[in-house]
Structures are given as C-alpha cells and as structure tokens.
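I have placed the structure first, in the form of structure tokens, so that the comments after it can refer back to it.
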Amino acid sequence: MTEIALTELPAFVETASIALQNNGSAAMGPEAAQNMADGYGAAAAGIAVGLAALAAGYAERGIGAAAVGAIAEDDDMFVPGLIMTVLPETLVILALVVVFILG
Amino acid sequence: MSAGASNPEYVNARVRSRRASLFSDEDYRKLIRMGPSEIARFMEETEYEREINELGARFSGVDLIEYALNRNLAKHFEDLIDWADGRLYDLIARYLRKFDVWNLKTIIRGIYTDTAPEDIRTDLIRAGELEERTIDRLLETDDIEDAIEVLYGTIYYEPLTVAYEEFEETGALVPLENALDREFYENLLADVSGGPGDEPQEGPEAKYIEFLQAEIDFRNARNALRLARSGADLDPATYYIDGGVLFDESELSRLVGDYDALVDHIAENRRYGDRLSAALGQLREADSLIQFEHALDAALLEYADTLSSIYPASVSAVLSYILAKEREVENIRAIARGREVGLDENEIEEELVIL
C-alpha cells in the first residue's frame with residue numbers, strides 16, 4: 001500500500017502543479033517547488049541562528065557588565081572576564097549546526 | 001532619580017570585589033592589640049592608604065583614624081551612588097540618605113553652637129544624596145532658619161519647617177533631629193511598598209522591604225528598651241517609627257511600661273524571635289542593653305548576608321556591603337577609642353560586632 005503510494009507521489013506532485021497552473025494563481029514546476037523549499041530552509045536556518053545570536057547577546061549584556069565591573073576593581077580579571085563574557089557565544093555556534101543540517 | 005535601566009550586574013561585581021577587601025577577623029585580632037598610632041600605620045598598608053596619607057599631615061592619633069575612616073566610607077558609598085542607575089540607584093540612595101540626615105544634623109548642631117564652618121566640614125560624611133553645592137551653601141549660613149531655606153525643594157524642607165516652630169518655642173534641637181530621622185525612615189518604605197497588603201510578595205524587592213522593616217523594627221525595639229530601662233517619662237509615640245511589623249503604636253506605648261512584657265513581645269515575634277533568641281536570653285539575665293544592641297546589629301548584618309545569597313544579582317548584595325562596611329568602620333573606631341582610654345582587650349572585644 002505504502003509502496004504504491006510512494007511510487008504514485010511524483011505523479012501526484014505533477015497533478016498538483018498542473019492543478020495550480022490551471023488555477024492560474026502561481027505557475028510552479030517541480031523545480032520551482034524545490035527552490036522554494038530550499039528558500040524556506042535557508043530562512044528557517046537564518047531565523048534559528050539569528051534568535052540564538054540575540055539570546056547570546058542578551059546573556060552577554062549582563063555578564064559583560066559584571067566583567068567590566070570586576071576588571072575595574074582588579075586588572076587581573078581581564079582574561080577570566082573576557083572568557084566568561086564570550087561563553088554564551090557557544091549558543092550561536094551550536095545554532096550554526098542547524099545551517100549545515102538544513103543546507 | 002537617575003534615568004536608564006537598572007544595572008545590578010555591574011554594581012554587584014564591583015561591590016563584591018570591594019567586600020573582599022574588608023578587614024577579616026584575623027585583622028581585628030591584630031588591631032585589638034595595637035595602640036592608636038600603630039592602628040593608623042596598619043591602616044596605611046590596607047584599603048585606607050590614600051586617606052591616611054592625605055590626612056596624616058593635619059591630624060594624628062585617634063582623630064586621624066576617625067577622619068580617615070569617615071572619608072573612606074564616604075568615598076565608597078559615593079561610588080555606589082555613581083555606579084548605580086535606574087531602579088537600583090533609587091533603592092541604594094534611599095538607604096544612603098541616612099548620611100544626609102547625619103550631615104544635616106551635624107550642620108544644624110554646628111550652627112547652633114557657632115562652630116566654624118571648616119570644623120563642621122571635617123565632621124561630615126559626604127556619602128549621601130545631597131549635592132556638594134547644597135552642603136557648601138548650608139555651611140555658609142549662620143542661622144538655622146536660613147539653613148532650612150537652603151533645603152527648599154528637598155524632602156527635608158517640610159518636616160524641618162514644622163519642627164522649627166517647636167524649636168523656637170523650646171530652644172532644644174531634639175524636635176529638629178527627630179523630624180530628620182522620622183523623614184528618613186518614613187521615606188525608606190515610601191513608593192516601594194504600596195502599604196500593608198500591597199507589598200511585592202517575592203523577588204529581591206520583597207526581601208529588600210523585609211530588610212528595611214527589620215531595620216525599622218530594630219530601631220523601635222532599641223528605643224523602646226532604652227525607654228523602658230531608663231524609666232524616663234517620655235511619650236514613646238514621639239519616637240515611634242511607622243512601617244515595621246514588630247510593634248504598632250498603641251502596643252509600643254503599652255509595652256514601654258513593662259520591661260519583661262516588652263522582651264517577651266520581641267521573643268514571640270515569628271520573624272525575629274528565633275534569630276534573636278540567644279541575645280534575648282542574655283538580655284533577660286545580664287540586662288546588658290549594649291550586648292543586645294550589638295546582637296541586633298549582628299542579626300541585621302547576617303540577615304543582609306543571607307539575602308545577598310538568595311538573590312545574587314540584586315540590590316541585596318549592595319545593601320549587605322553597605323552594612324558590612326559601616327560595621328567595619330564602627331569596629332575600627334571602637335578599637336581605636338577603646339585603646340585610647342585604656343580599655344583592655346576583652347572589654348574592647350565585647351564592643352565589636354563580628355559575625
């Protein structure tokens with residue numbers, strides 16, 4: 001049953017696009033549909049990375065403020081402060097994985 | 001009020017670092033065995049280096065220590081006000097107005113006794129919210145009424161004007177000083193809590209309010225105990241500060257007459273009873289009021305410390321630093337004064353509040 005359904009799928013897509021063409025609302029061949037799917041994928045990846053970067057920025061805001069405070073009191077805190085500040089950056093790196101999965 | 005968003009992270013990082021440079025128990029043990037000039041030398045090697053060096057040429061001995069302590073305290077607290085923005089500034093300044101009150105009292109007393117402005121100036125602790133300019137103008141006046149005029153626009157103007165009439169009748173400074181204290185304590189809780197029942201229930205601000213209430217309660221308890229002990233015929237209502245949870249006004253008036261009932265009342269309180277039980281026991285047996293007052297101070301300090309670990313990035317840590325710093329200054333002063341008059345080490349140790 002499933003096998004039949006799978007083999008019939010291209011035919012279904014074709015009919016569907018023909019139906020769309022017949023409706024006249026959007027002229028889209030299978031290639032165009034593929035492109036569109038790719039576009040959505042890229043947009044989704046972009047949103048994922050963007051949100052992650054925004055969150056990382058928000059987290060760094062507090063840590064950065066605290067780090068600058070600590071450095072102002074004691075110069076030796078520069079390196080630990082810097083490391084702590086960029087820790088949330090890992091969030092963005094993990095989010096970057098999404099780009100490769102979707103790409 | 002300062003504009004902008006609250007920045008507890010920044011202030012917290014700086015405050016915690018400064019807290020680490022406070023004197024430790026070990027340092028106190030060393031200090032207790034030193035004379036005034038040795039203490040000054042010891043301080044020169046710590047946090048207080050700059051102040052000691054600046055003032056060293058003009059003062060010596062205990063005076064040097066005292067002025068250096070005050071100046072250092074003022075420097076740190078001024079910094080706090082400088083750093084903080086927004087809501088945090090509001091919460092910190094509210095508490096540091098304590099020093100405005102102290103300064104105003106000192107200035108009024110100075111004017112009253114015709115002290116030279118320069119001498120008054122050395123006694124001020126410039127840690128409050130009043131601007132340098134206002135204080136300078138206050139110092140130039142030689143009449144209390146003019147001084148009150150200078151304060152026009154600040155929160156102290158109105159209560160002082162009312163109290164001034166009483167001052168004119170009696171010629172005593174007490175009404176003016178009471179008016180200042182009262183204004184300070186009443187402003188502590190203004191705007192943060194919308195009155196009983198409408199307080200924030202949780203979060204750092206609820207704890208902050210709890211802390212301020214404790215401060216008010218302890219102040220009331222202290223006054224009540226002193227009144228009950230001395231048997232002075234004063235109306236307790238004039239000293240009652242509104243806003244605490246331990247007493248209400250009628251309770252206080254009733255309890256001042258009966259010392260034991262007063263102690264029992266404090267012991268039965270759910271919020272403070274446990275925390276103060278040891279001190280209350282001492283109070284019943286030894287009736288040493290000073291010990292009890294130190295226990296109150298220690299309880300407040302410990303309380304603020306607990307708060308600062310419950311909500312790390314909030315006003316609590318700052319508050320606990322303010323208290324700890326004040327305590328340090330008072331401890332060092334007690335040691336220096338104690339050594340000067342020749343108290344022995346045990347007696348001085350009893351005067352200290354160390355956690």
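All of these numbers come straight from a predicted model, not from anything done at the bench. A note on names: the letters A, B, ... follow the listed sequences, proteins ahead of strands, and every chain is numbered from 1.
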Is it the case that atom CE in A/Met84 sees more than 12 heavy atoms from other parts of the structure closer than 6.0 Å? no
Partner set under side chain to side chain contact (heavy atoms under 4.5 Å, CB included) for B/Thr46, not counting sequence neighbours: B/Phe23, B/Phe42, B/Met43, B/Tyr48
Sort by residue number and list every member of residues 60-83 of chain A having a non-hydrogen atom under 4.5 Å from chain B. A/Arg61, A/Gly62, A/Ala65, A/Ala66, A/Val68, A/Gly69, A/Ala70, A/Ala72, A/Glu73
